[in-house]
Amino acid sequence: MTQEERQLPGPPGRGPSDAVRRSRREAAEIRAAVRAAPRRTVVTESLVCALAAAFGLIPLLLIPPDRPVLAVLEALWAALLVAARRGRPVAAVLGAFPLLMGANVWVLAVVPLIVLSATRRIAPPRRAWRIVGVACAALGGLTVAAGLFRWETLPMKLAENAVSAVLLLLLPALAGTMLGRRRPLVDLLRERNAYLEQTRTLTAAAARLEERTRIAREMHDLLGHRLSLISVHAGALELAAARQAPPLAGQVELLRTTAGTAMEELREILGVLRHADLSDETGGDRGTYDDITALVTQSRQTGGDSVELVWSVPDTVEVGARVRQAIHRVVREGLTNVLKHASGAPTLVEVKGTDTGIEVYVTNGAPRVPGDSQGGTSSGLAGLQERISLLGGTFGAGALPDGGFRVTAWLPSQPSHATNGPVPTPSEAGAHTGAEALPPAPRAPSGDGDIWRPGSNPPLSAQTLTWPRVLGAGCTAVLVVLPTAGFLIVLLVMAALG
(Lines give C-alpha, C1' and ligand atoms only; values in the text may rest on other atoms or scores of the structure.)
Protein backbone atom coordinates (compact mmCIF):
# COMPACT_ATOMS: atom_id res chain seq x y z
CA MET A 1 0.00 0.00 0.00
CA THR A 2 1.44 3.36 -1.03
CA GLN A 3 1.71 6.45 1.12
CA GLU A 4 -1.10 8.13 -0.83
CA GLU A 5 -3.42 5.18 -0.30
CA ARG A 6 -2.75 5.22 3.43
CA GLN A 7 -3.67 8.91 3.59
CA LEU A 8 -6.98 8.54 1.74
CA PRO A 9 -9.97 9.07 4.05
CA GLY A 10 -12.19 6.10 4.74
CA PRO A 11 -15.88 5.84 3.92
CA PRO A 12 -17.95 8.54 5.64
CA GLY A 13 -19.74 7.57 8.80
CA ARG A 14 -17.65 4.43 9.59
CA GLY A 15 -14.78 5.72 11.65
CA PRO A 16 -14.71 5.93 15.46
CA SER A 17 -14.32 9.69 15.34
CA ASP A 18 -17.44 10.00 13.20
CA ALA A 19 -19.42 7.90 15.68
CA VAL A 20 -18.23 10.15 18.49
CA ARG A 21 -19.31 13.21 16.54
CA ARG A 22 -22.75 11.72 15.90
CA SER A 23 -23.11 10.91 19.59
CA ARG A 24 -22.17 14.43 20.59
CA ARG A 25 -24.56 15.90 18.02
CA GLU A 26 -27.35 13.66 19.27
CA ALA A 27 -26.68 14.68 22.88
CA ALA A 28 -26.71 18.35 21.90
CA GLU A 29 -30.04 17.91 20.10
CA ILE A 30 -31.51 16.18 23.14
CA ARG A 31 -30.37 18.99 25.45
CA ALA A 32 -31.79 21.61 23.10
CA ALA A 33 -35.13 19.76 22.93
CA VAL A 34 -35.30 19.53 26.73
CA ARG A 35 -34.55 23.24 27.10
CA ALA A 36 -37.14 24.18 24.48
CA ALA A 37 -39.87 22.01 26.01
CA PRO A 38 -42.26 23.58 28.55
CA ARG A 39 -41.31 23.10 32.15
CA ARG A 40 -44.53 21.22 32.84
CA THR A 41 -43.74 18.71 30.08
CA VAL A 42 -40.21 18.13 31.40
CA VAL A 43 -41.49 17.52 34.93
CA THR A 44 -44.23 15.18 33.71
CA GLU A 45 -41.86 13.16 31.55
CA SER A 46 -39.35 12.91 34.40
CA LEU A 47 -42.05 11.55 36.71
CA VAL A 48 -43.20 9.04 34.09
CA CYS A 49 -39.64 7.77 33.59
CA ALA A 50 -39.14 7.51 37.34
CA LEU A 51 -42.39 5.54 37.72
CA ALA A 52 -41.37 3.19 34.90
CA ALA A 53 -38.00 2.56 36.54
CA ALA A 54 -39.61 2.09 39.97
CA PHE A 55 -42.16 -0.37 38.57
CA GLY A 56 -39.36 -2.45 37.11
CA LEU A 57 -37.00 -2.25 40.12
CA ILE A 58 -39.11 -2.33 43.30
CA PRO A 59 -40.62 -5.82 42.69
CA LEU A 60 -37.09 -7.18 42.35
CA LEU A 61 -36.55 -6.45 46.04
CA LEU A 62 -39.51 -8.62 46.98
CA ILE A 63 -39.04 -11.38 44.39
CA PRO A 64 -35.33 -11.72 43.51
CA PRO A 65 -34.83 -12.86 39.90
CA ASP A 66 -32.39 -15.46 38.65
CA ARG A 67 -30.26 -12.84 36.91
CA PRO A 68 -30.57 -9.67 39.02
CA VAL A 69 -28.02 -7.58 37.08
CA LEU A 70 -29.79 -8.21 33.77
CA ALA A 71 -33.17 -7.47 35.37
CA VAL A 72 -31.93 -4.12 36.69
CA LEU A 73 -30.47 -3.21 33.30
CA GLU A 74 -33.79 -4.07 31.65
CA ALA A 75 -35.68 -1.79 34.06
CA LEU A 76 -33.31 1.09 33.34
CA TRP A 77 -33.54 0.41 29.60
CA ALA A 78 -37.36 0.55 29.79
CA ALA A 79 -37.16 3.92 31.57
CA LEU A 80 -34.83 5.18 28.83
CA LEU A 81 -37.28 4.04 26.13
CA VAL A 82 -40.10 5.87 27.91
CA ALA A 83 -38.08 9.08 27.65
CA ALA A 84 -37.20 8.42 23.99
CA ARG A 85 -40.74 7.66 22.80
CA ARG A 86 -41.50 11.36 22.14
CA GLY A 87 -38.42 12.50 20.26
CA ARG A 88 -37.26 9.16 18.83
CA PRO A 89 -40.39 7.01 18.38
CA VAL A 90 -38.81 4.68 15.80
CA ALA A 91 -35.88 3.92 18.08
CA ALA A 92 -38.29 3.39 20.99
CA VAL A 93 -40.29 0.75 19.08
CA LEU A 94 -37.17 -1.04 17.84
CA GLY A 95 -35.63 -0.96 21.30
CA ALA A 96 -38.70 -2.41 23.02
CA PHE A 97 -38.74 -5.91 21.51
CA PRO A 98 -35.68 -7.25 23.45
CA LEU A 99 -37.61 -6.65 26.68
CA LEU A 100 -40.06 -9.39 25.69
CA MET A 101 -37.28 -11.98 26.10
CA GLY A 102 -35.69 -10.50 29.20
CA ALA A 103 -35.45 -11.76 32.73
CA ASN A 104 -37.54 -8.93 34.24
CA VAL A 105 -41.20 -9.74 33.68
CA TRP A 106 -42.32 -6.50 35.36
CA VAL A 107 -41.04 -4.30 32.54
CA LEU A 108 -43.51 -6.00 30.19
CA ALA A 109 -46.19 -3.68 31.59
CA VAL A 110 -44.25 -0.71 30.19
CA VAL A 111 -43.72 -2.14 26.70
CA PRO A 112 -47.29 -1.67 25.35
CA LEU A 113 -47.36 1.90 26.65
CA ILE A 114 -44.09 2.65 24.86
CA VAL A 115 -45.32 1.10 21.60
CA LEU A 116 -48.72 2.83 21.72
CA SER A 117 -47.23 6.26 22.44
CA ALA A 118 -44.44 5.88 19.88
CA THR A 119 -46.55 4.56 16.98
CA ARG A 120 -48.99 7.40 17.58
CA ARG A 121 -46.23 9.81 16.57
CA ILE A 122 -44.98 7.92 13.51
CA ALA A 123 -46.50 9.10 10.23
CA PRO A 124 -47.72 7.79 7.91
CA PRO A 125 -49.28 4.73 9.58
CA ARG A 126 -47.77 2.31 7.06
CA ARG A 127 -44.31 3.42 8.19
CA ALA A 128 -45.27 2.60 11.78
CA TRP A 129 -46.40 -0.86 10.70
CA ARG A 130 -43.11 -1.42 8.88
CA ILE A 131 -41.23 -0.55 12.06
CA VAL A 132 -43.41 -2.88 14.14
CA GLY A 133 -42.94 -5.62 11.53
CA VAL A 134 -39.17 -5.23 11.76
CA ALA A 135 -39.41 -5.44 15.56
CA CYS A 136 -41.50 -8.64 15.38
CA ALA A 137 -39.11 -10.17 12.85
CA ALA A 138 -36.15 -9.29 15.03
CA LEU A 139 -37.93 -10.82 18.02
CA GLY A 140 -38.44 -14.06 16.05
CA GLY A 141 -34.82 -14.12 14.91
CA LEU A 142 -33.58 -13.50 18.44
CA THR A 143 -35.81 -16.30 19.74
CA VAL A 144 -34.43 -18.72 17.17
CA ALA A 145 -30.85 -17.65 17.91
CA ALA A 146 -31.38 -18.18 21.63
CA GLY A 147 -32.91 -21.63 21.09
CA LEU A 148 -30.22 -23.05 18.80
CA PHE A 149 -28.69 -25.04 21.64
CA ARG A 150 -32.03 -26.10 23.16
CA TRP A 151 -34.10 -27.42 20.29
CA GLU A 152 -36.62 -29.14 22.54
CA THR A 153 -37.84 -25.81 24.01
CA LEU A 154 -37.70 -23.79 20.78
CA PRO A 155 -41.32 -24.42 19.64
CA MET A 156 -42.66 -23.41 23.06
CA LYS A 157 -40.50 -20.28 23.13
CA LEU A 158 -41.63 -19.33 19.64
CA ALA A 159 -45.28 -19.75 20.63
CA GLU A 160 -44.85 -17.72 23.83
CA ASN A 161 -43.01 -14.90 22.08
CA ALA A 162 -45.56 -14.92 19.24
CA VAL A 163 -48.37 -14.40 21.74
CA SER A 164 -46.33 -11.70 23.48
CA ALA A 165 -45.64 -9.98 20.16
CA VAL A 166 -49.33 -9.97 19.25
CA LEU A 167 -50.54 -8.71 22.61
CA LEU A 168 -47.67 -6.39 23.52
CA LEU A 169 -46.56 -5.11 20.12
CA LEU A 170 -49.21 -5.51 17.42
CA LEU A 171 -52.33 -4.58 19.40
CA PRO A 172 -50.73 -1.49 21.03
CA ALA A 173 -49.42 -0.49 17.59
CA LEU A 174 -52.95 -0.79 16.18
CA ALA A 175 -54.32 1.41 18.96
CA GLY A 176 -51.49 3.92 18.49
CA THR A 177 -52.01 4.22 14.74
CA MET A 178 -55.74 4.76 15.32
CA LEU A 179 -55.04 7.57 17.74
CA GLY A 180 -52.41 9.03 15.43
CA ARG A 181 -54.88 8.93 12.52
CA ARG A 182 -57.48 10.69 14.68
CA ARG A 183 -55.30 13.75 15.34
CA PRO A 184 -55.17 15.16 11.76
CA LEU A 185 -58.91 14.57 11.42
CA VAL A 186 -59.57 16.59 14.56
CA ASP A 187 -57.24 19.32 13.31
CA LEU A 188 -59.08 19.40 9.99
CA LEU A 189 -62.47 19.65 11.68
CA ARG A 190 -61.27 22.49 13.88
CA GLU A 191 -59.84 24.37 10.93
CA ARG A 192 -63.12 24.00 9.06
CA ASN A 193 -65.01 25.12 12.15
CA ALA A 194 -62.76 28.17 12.50
CA TYR A 195 -63.26 28.97 8.82
CA LEU A 196 -67.05 28.76 9.21
CA GLU A 197 -66.90 30.95 12.32
CA GLN A 198 -64.87 33.56 10.45
CA THR A 199 -67.24 33.41 7.49
CA ARG A 200 -70.22 33.89 9.77
CA THR A 201 -68.54 36.82 11.52
CA LEU A 202 -67.63 38.53 8.25
CA THR A 203 -71.12 37.97 6.86
CA ALA A 204 -72.68 39.49 9.98
CA ALA A 205 -70.26 42.42 9.79
CA ALA A 206 -71.19 43.01 6.14
CA ALA A 207 -74.89 42.91 7.02
CA ARG A 208 -74.37 45.40 9.86
CA LEU A 209 -72.39 47.70 7.58
CA GLU A 210 -75.16 47.59 4.98
CA GLU A 211 -77.77 48.40 7.62
CA ARG A 212 -75.62 51.24 8.95
CA THR A 213 -75.35 52.67 5.46
CA ARG A 214 -79.12 52.49 4.99
CA ILE A 215 -79.74 54.24 8.32
CA ALA A 216 -77.16 56.88 7.44
CA ARG A 217 -78.93 57.61 4.15
CA GLU A 218 -82.28 57.96 5.91
CA MET A 219 -80.83 60.28 8.57
CA HIS A 220 -79.06 62.38 5.96
CA ASP A 221 -82.17 62.75 3.82
CA LEU A 222 -84.56 63.50 6.68
CA LEU A 223 -82.70 65.05 9.63
CA GLY A 224 -80.12 66.78 7.46
CA HIS A 225 -82.81 68.53 5.46
CA ARG A 226 -84.73 69.61 8.58
CA LEU A 227 -81.64 70.88 10.37
CA SER A 228 -80.57 72.82 7.30
CA LEU A 229 -83.95 74.55 7.21
CA ILE A 230 -83.71 75.36 10.93
CA SER A 231 -80.22 76.81 10.44
CA VAL A 232 -81.33 78.96 7.48
CA HIS A 233 -84.43 80.26 9.25
CA ALA A 234 -82.46 80.87 12.44
CA GLY A 235 -79.96 82.98 10.47
CA ALA A 236 -82.76 85.02 8.95
CA LEU A 237 -84.39 85.36 12.35
CA GLU A 238 -81.09 86.58 13.81
CA LEU A 239 -80.86 89.38 11.24
CA ALA A 240 -84.47 90.41 11.91
CA ALA A 241 -84.00 90.29 15.68
CA ALA A 242 -80.87 92.44 15.47
CA ARG A 243 -82.99 95.22 13.82
CA GLN A 244 -86.37 94.82 15.52
CA ALA A 245 -85.74 93.13 18.92
CA PRO A 246 -82.14 93.57 20.08
CA PRO A 247 -82.80 91.95 23.53
CA LEU A 248 -83.62 88.66 21.77
CA ALA A 249 -80.52 88.70 19.56
CA GLY A 250 -78.50 86.55 21.99
CA GLN A 251 -81.18 83.87 22.17
CA VAL A 252 -81.57 83.77 18.39
CA GLU A 253 -77.80 83.55 17.92
CA LEU A 254 -77.73 80.61 20.34
CA LEU A 255 -80.46 78.96 18.27
CA ARG A 256 -78.44 79.37 15.08
CA THR A 257 -75.19 78.08 16.62
CA THR A 258 -77.01 75.15 18.19
CA ALA A 259 -78.46 74.19 14.81
CA GLY A 260 -74.97 74.40 13.27
CA THR A 261 -73.53 72.22 16.07
CA ALA A 262 -76.32 69.70 15.53
CA MET A 263 -75.43 69.54 11.84
CA GLU A 264 -71.76 68.85 12.67
CA GLU A 265 -72.70 66.13 15.13
CA LEU A 266 -75.04 64.60 12.57
CA ARG A 267 -72.17 64.48 10.06
CA GLU A 268 -69.99 62.70 12.63
CA ILE A 269 -72.69 60.13 13.31
CA LEU A 270 -73.20 59.58 9.61
CA GLY A 271 -69.46 59.00 9.21
CA VAL A 272 -69.53 56.41 11.98
CA LEU A 273 -72.52 54.63 10.48
CA ARG A 274 -71.10 54.59 6.96
CA HIS A 275 -67.54 53.55 7.75
CA ALA A 276 -68.02 51.58 11.00
CA ASP A 277 -64.90 53.25 12.30
CA LEU A 278 -64.24 56.24 14.47
CA SER A 279 -60.66 57.47 14.68
CA ASP A 280 -59.21 58.78 17.89
CA GLU A 281 -59.14 62.28 16.49
CA THR A 282 -62.94 62.43 16.09
CA GLY A 283 -64.28 64.62 18.83
CA GLY A 284 -60.78 65.41 19.99
CA ASP A 285 -61.86 68.96 20.90
CA ARG A 286 -64.48 67.61 23.30
CA GLY A 287 -64.17 66.81 26.94
CA THR A 288 -61.62 69.61 27.46
CA TYR A 289 -61.96 72.50 29.87
CA ASP A 290 -62.92 74.89 27.07
CA ASP A 291 -65.52 72.46 25.74
CA ILE A 292 -67.17 71.90 29.13
CA THR A 293 -67.07 75.65 29.79
CA ALA A 294 -68.86 76.23 26.48
CA LEU A 295 -71.56 73.75 27.49
CA VAL A 296 -72.04 75.50 30.82
CA THR A 297 -72.19 78.89 29.06
CA GLN A 298 -74.84 77.63 26.63
CA SER A 299 -76.86 76.25 29.54
CA ARG A 300 -76.72 79.63 31.26
CA GLN A 301 -77.93 81.39 28.11
CA THR A 302 -80.93 79.06 27.84
CA GLY A 303 -82.21 79.80 31.32
CA GLY A 304 -79.77 78.14 33.69
CA ASP A 305 -78.20 81.24 35.22
CA SER A 306 -77.13 79.37 38.36
CA VAL A 307 -74.98 76.74 36.62
CA GLU A 308 -71.47 76.49 38.07
CA LEU A 309 -68.43 74.57 36.92
CA VAL A 310 -65.68 73.08 39.08
CA TRP A 311 -62.80 71.70 36.98
CA SER A 312 -59.97 69.94 38.81
CA VAL A 313 -58.30 67.76 36.16
CA PRO A 314 -54.53 68.36 36.12
CA ASP A 315 -53.00 69.19 32.78
CA THR A 316 -50.53 66.31 33.20
CA VAL A 317 -53.29 63.72 33.08
CA GLU A 318 -53.52 62.11 29.63
CA VAL A 319 -57.14 61.45 28.78
CA GLY A 320 -58.08 59.35 25.75
CA ALA A 321 -60.33 60.68 23.01
CA ARG A 322 -63.08 58.19 23.86
CA VAL A 323 -63.03 59.22 27.50
CA ARG A 324 -63.12 62.94 26.61
CA GLN A 325 -66.08 62.33 24.36
CA ALA A 326 -67.83 60.43 27.17
CA ILE A 327 -67.19 63.34 29.56
CA HIS A 328 -68.78 65.69 27.04
CA ARG A 329 -71.81 63.40 26.69
CA VAL A 330 -72.31 63.06 30.45
CA VAL A 331 -72.19 66.83 31.05
CA ARG A 332 -74.39 67.59 28.06
CA GLU A 333 -77.00 64.99 29.01
CA GLY A 334 -76.99 66.17 32.63
CA LEU A 335 -77.49 69.83 31.65
CA THR A 336 -80.18 68.87 29.13
CA ASN A 337 -82.08 66.98 31.83
CA VAL A 338 -81.82 69.99 34.14
CA LEU A 339 -83.26 72.21 31.42
CA LYS A 340 -86.12 69.77 30.75
CA HIS A 341 -87.06 68.77 34.29
CA ALA A 342 -85.71 71.47 36.64
CA SER A 343 -85.24 74.65 34.62
CA GLY A 344 -83.67 77.41 36.68
CA ALA A 345 -82.58 75.11 39.52
CA PRO A 346 -79.06 75.63 40.91
CA THR A 347 -76.71 73.23 39.15
CA LEU A 348 -73.14 72.22 39.85
CA VAL A 349 -70.92 70.52 37.25
CA GLU A 350 -67.81 68.86 38.69
CA VAL A 351 -65.04 67.18 36.69
CA LYS A 352 -62.29 65.74 38.91
CA GLY A 353 -59.10 63.92 38.08
CA THR A 354 -58.09 61.08 40.42
CA ASP A 355 -55.32 58.51 40.51
CA THR A 356 -57.59 55.91 38.90
CA GLY A 357 -59.51 57.98 36.36
CA ILE A 358 -61.94 60.87 35.86
CA GLU A 359 -65.03 61.57 37.97
CA VAL A 360 -67.92 63.58 36.57
CA TYR A 361 -70.86 64.94 38.60
CA VAL A 362 -73.86 66.97 37.42
CA THR A 363 -75.99 67.87 40.44
CA ASN A 364 -79.06 70.10 40.45
CA GLY A 365 -81.31 71.23 43.24
CA ALA A 366 -85.05 70.93 43.46
CA PRO A 367 -86.98 72.58 40.61
CA ARG A 368 -88.32 76.07 41.31
CA VAL A 369 -91.78 75.13 40.08
CA PRO A 370 -92.74 71.61 41.27
CA GLY A 371 -94.20 69.47 38.55
CA ASP A 372 -92.84 71.72 35.78
CA SER A 373 -91.22 68.97 33.72
CA GLN A 374 -91.35 68.26 30.03
CA GLY A 375 -91.19 64.51 30.62
CA GLY A 376 -88.85 62.07 28.99
CA THR A 377 -88.07 58.41 28.27
CA SER A 378 -84.70 58.13 30.09
CA SER A 379 -83.18 56.81 26.85
CA GLY A 380 -80.35 59.34 27.15
CA LEU A 381 -79.31 58.01 30.56
CA ALA A 382 -79.53 54.42 29.30
CA GLY A 383 -77.31 55.30 26.35
CA LEU A 384 -74.78 56.93 28.69
CA GLN A 385 -74.68 53.88 30.91
CA GLU A 386 -74.04 51.64 27.90
CA ARG A 387 -71.30 53.89 26.52
CA ILE A 388 -69.50 54.24 29.84
CA SER A 389 -69.71 50.54 30.68
CA LEU A 390 -68.11 49.71 27.32
CA LEU A 391 -65.26 52.04 28.21
CA GLY A 392 -64.74 50.21 31.50
CA GLY A 393 -66.30 52.89 33.71
CA THR A 394 -69.30 53.12 36.04
CA PHE A 395 -72.42 55.26 35.76
CA GLY A 396 -75.18 56.26 38.14
CA ALA A 397 -78.18 58.59 38.20
CA GLY A 398 -80.86 59.15 40.81
CA ALA A 399 -82.89 61.57 42.88
CA LEU A 400 -81.53 63.28 45.99
CA PRO A 401 -83.30 63.57 49.36
CA ASP A 402 -83.77 67.34 48.92
CA GLY A 403 -85.67 66.85 45.65
CA GLY A 404 -82.72 67.36 43.36
CA PHE A 405 -81.07 64.97 40.94
CA ARG A 406 -77.52 63.81 40.37
CA VAL A 407 -75.75 62.18 37.43
CA THR A 408 -72.39 60.56 38.29
CA ALA A 409 -69.80 58.79 36.18
CA TRP A 410 -66.35 57.36 36.69
CA LEU A 411 -64.15 56.79 33.64
CA PRO A 412 -60.64 55.37 33.28
CA SER A 413 -58.13 57.81 31.82
CA GLN A 414 -57.38 55.42 28.97
CA PRO A 415 -59.95 52.85 27.84
CA SER A 416 -58.87 49.29 27.25
CA HIS A 417 -57.55 48.23 23.84
CA ALA A 418 -60.78 46.42 23.03
CA THR A 419 -62.71 49.68 23.30
CA ASN A 420 -60.37 51.99 21.48
CA GLY A 421 -62.37 51.44 18.31
CA PRO A 422 -65.92 52.58 17.71
CA VAL A 423 -68.26 52.11 20.63
CA PRO A 424 -70.38 49.11 19.65
CA THR A 425 -73.91 48.28 20.61
CA PRO A 426 -74.53 45.36 23.00
CA SER A 427 -75.21 43.04 20.09
CA GLU A 428 -71.90 44.05 18.51
CA ALA A 429 -69.77 44.09 21.66
CA GLY A 430 -68.56 40.55 21.08
CA ALA A 431 -68.08 40.79 17.30
CA HIS A 432 -65.55 42.53 15.10
CA THR A 433 -67.11 45.18 12.89
CA GLY A 434 -65.89 46.34 9.56
CA ALA A 435 -64.44 44.56 6.57
CA GLU A 436 -61.05 43.67 8.04
CA ALA A 437 -60.17 40.05 7.39
CA LEU A 438 -59.75 37.84 10.43
CA PRO A 439 -56.47 35.93 10.89
CA PRO A 440 -56.47 32.33 9.70
CA ALA A 441 -56.71 29.59 12.25
CA PRO A 442 -53.25 28.26 13.12
CA ARG A 443 -52.38 24.62 12.66
CA ALA A 444 -51.63 22.46 15.63
CA PRO A 445 -47.96 21.86 16.35
CA SER A 446 -46.76 18.32 16.71
CA GLY A 447 -47.10 17.17 20.27
CA ASP A 448 -49.48 15.65 22.77
CA GLY A 449 -52.91 16.86 23.53
CA ASP A 450 -55.42 18.92 21.64
CA ILE A 451 -54.55 22.56 21.06
CA TRP A 452 -57.31 25.13 21.38
CA ARG A 453 -57.51 27.63 18.52
CA PRO A 454 -59.09 31.09 18.44
CA GLY A 455 -62.29 31.06 16.48
CA SER A 456 -63.08 27.36 17.04
CA ASN A 457 -65.96 26.19 19.19
CA PRO A 458 -66.36 22.92 21.10
CA PRO A 459 -68.85 20.44 19.66
CA LEU A 460 -72.43 20.82 20.81
CA SER A 461 -73.82 18.24 23.22
CA ALA A 462 -76.88 17.78 21.02
CA GLN A 463 -74.88 16.56 18.05
CA THR A 464 -75.69 13.07 16.79
CA LEU A 465 -73.28 10.34 17.89
CA THR A 466 -72.14 8.48 14.77
CA TRP A 467 -69.74 5.58 14.21
CA PRO A 468 -67.00 7.82 12.76
CA ARG A 469 -67.18 9.97 15.87
CA VAL A 470 -67.01 6.88 18.09
CA LEU A 471 -63.96 5.63 16.22
CA GLY A 472 -62.39 9.08 16.26
CA ALA A 473 -62.94 9.37 20.01
CA GLY A 474 -60.59 6.45 20.58
CA CYS A 475 -63.21 3.95 21.76
CA THR A 476 -61.93 1.32 19.34
CA ALA A 477 -58.37 1.98 20.48
CA VAL A 478 -59.43 1.30 24.07
CA LEU A 479 -61.15 -1.95 23.04
CA VAL A 480 -58.00 -3.05 21.21
CA VAL A 481 -55.87 -2.51 24.32
CA LEU A 482 -58.20 -4.53 26.61
CA PRO A 483 -56.67 -7.93 25.67
CA THR A 484 -53.23 -6.49 26.32
CA ALA A 485 -54.30 -5.30 29.77
CA GLY A 486 -55.79 -8.69 30.61
CA PHE A 487 -52.69 -10.52 29.44
CA LEU A 488 -50.45 -8.29 31.56
CA ILE A 489 -52.57 -8.73 34.64
CA VAL A 490 -52.47 -12.51 34.35
CA LEU A 491 -48.74 -12.49 33.61
CA LEU A 492 -47.86 -10.25 36.57
CA VAL A 493 -50.10 -12.16 38.97
CA MET A 494 -48.41 -15.41 37.94
CA ALA A 495 -45.00 -13.82 38.42
CA ALA A 496 -45.97 -12.57 41.88
CA LEU A 497 -47.36 -15.93 42.96
CA GLY A 498 -44.47 -17.89 41.44
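Closest approach of Leu57 and Ala75 over heavy atoms only: CD2-CB, 3.5 Å. Gly56 approaches Val107 most closely through the heavy-atom pair CA-CG1, 4.2 Å. Considering every non-hydrogen atom in both Pro346 and Ser306, the closest pair reads CA-OG, 3.1 Å. In plain terms, the two heavy atoms of Ala345 and Ala366 that are nearest each other are CB-O, 3.5 Å. The heavy-atom pair separating Gly365 from Ala342 by the smallest distance is O-CB, 4.4 Å. Ala83 and Cys49 make their closest contact through CB-SG, 3.5 Å (heavy atoms, listed as atom of the first residue, atom of the second, distance).
Going from atom CG of Leu411 over to atom OG1 of Thr354 covers 10.0 Å, rounded to the nearest 0.5 Å. Leu295 contributes atom CG, which lies 11.5 Å from atom CD1 of Ile327 (distance to the nearest 0.5 angstrom). Rounding to the nearest 0.5 Å places OG1 of Thr119 at 9.0 Å from CG of Leu174. Annotation: the span from Leu335 atom CG to Lys340 atom NZ amounts to 13.0 Å, rounded to 0.5 Å. The OG1 atom of Thr203 sits 10.5 Å away from atom CG of Leu196, with the distance rounded to the nearest 0.5 Å. In this structure, the separation between CD1 on Ile131 and CZ on Arg126 is 13.0 Å, given to the nearest 0.5 Å.
Only one option out of Arg332, His328, Gln325 pairs with Asp291 in a side-chain hydrogen bond (donor to acceptor under 3.5 Å, both in side chains); it is His328.
Glu211 pairs by the side-chain hydrogen bond (donor to acceptor under 3.5 Å, both in side chains) definition with Arg214, not counting sequence neighbours.
Between Glu45 and Arg85 there is a salt bridge, with a side-chain nitrogen of the basic residue lying less than 4.0 Å from a carboxylate oxygen of the acidic one.
In the model, Arg121 has a side-chain atom that pairs as donor or acceptor with a side-chain atom of Ser117 under 3.5 Å.
By the 4.5 Å heavy-atom criterion applied to side chains, Val330 and Ile388 are counted as neighbours. Under the 4.5 Å side-chain criterion, counting only non-hydrogen atoms from C-beta, Phe395 is in contact with Val407. By the 4.5 Å heavy-atom criterion applied to side chains, Arg243 and Leu239 are counted as neighbours. Using a 4.5 Å heavy-atom threshold, the side chains of Tyr361 and Val310 count as separate. Inter-residue side-chain proximity for Val313 and Tyr289 is flagged as unmet; no heavy-atom pair is nearer than 4.5 Å. Side chains of Glu359 and Thr408 form no contact here, defined as non-hydrogen atoms less than 4.5 Å apart.
Remark: the backbone N or O of Val307 is paired with a side-chain donor or acceptor of Arg300 at under 3.5 angstrom.
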For side chain to side chain contact (heavy atoms under 4.5 Å, CB included), just list the numbers for Gln251 and Leu255, CA-CA rounded to whole Å, side-chain angles, deciding distance to a tenth of an Å, and then say yes or no.
-> CA-CA 6 Å; Gln251 299 292 333; Leu255 176 62; over 6 Å; no
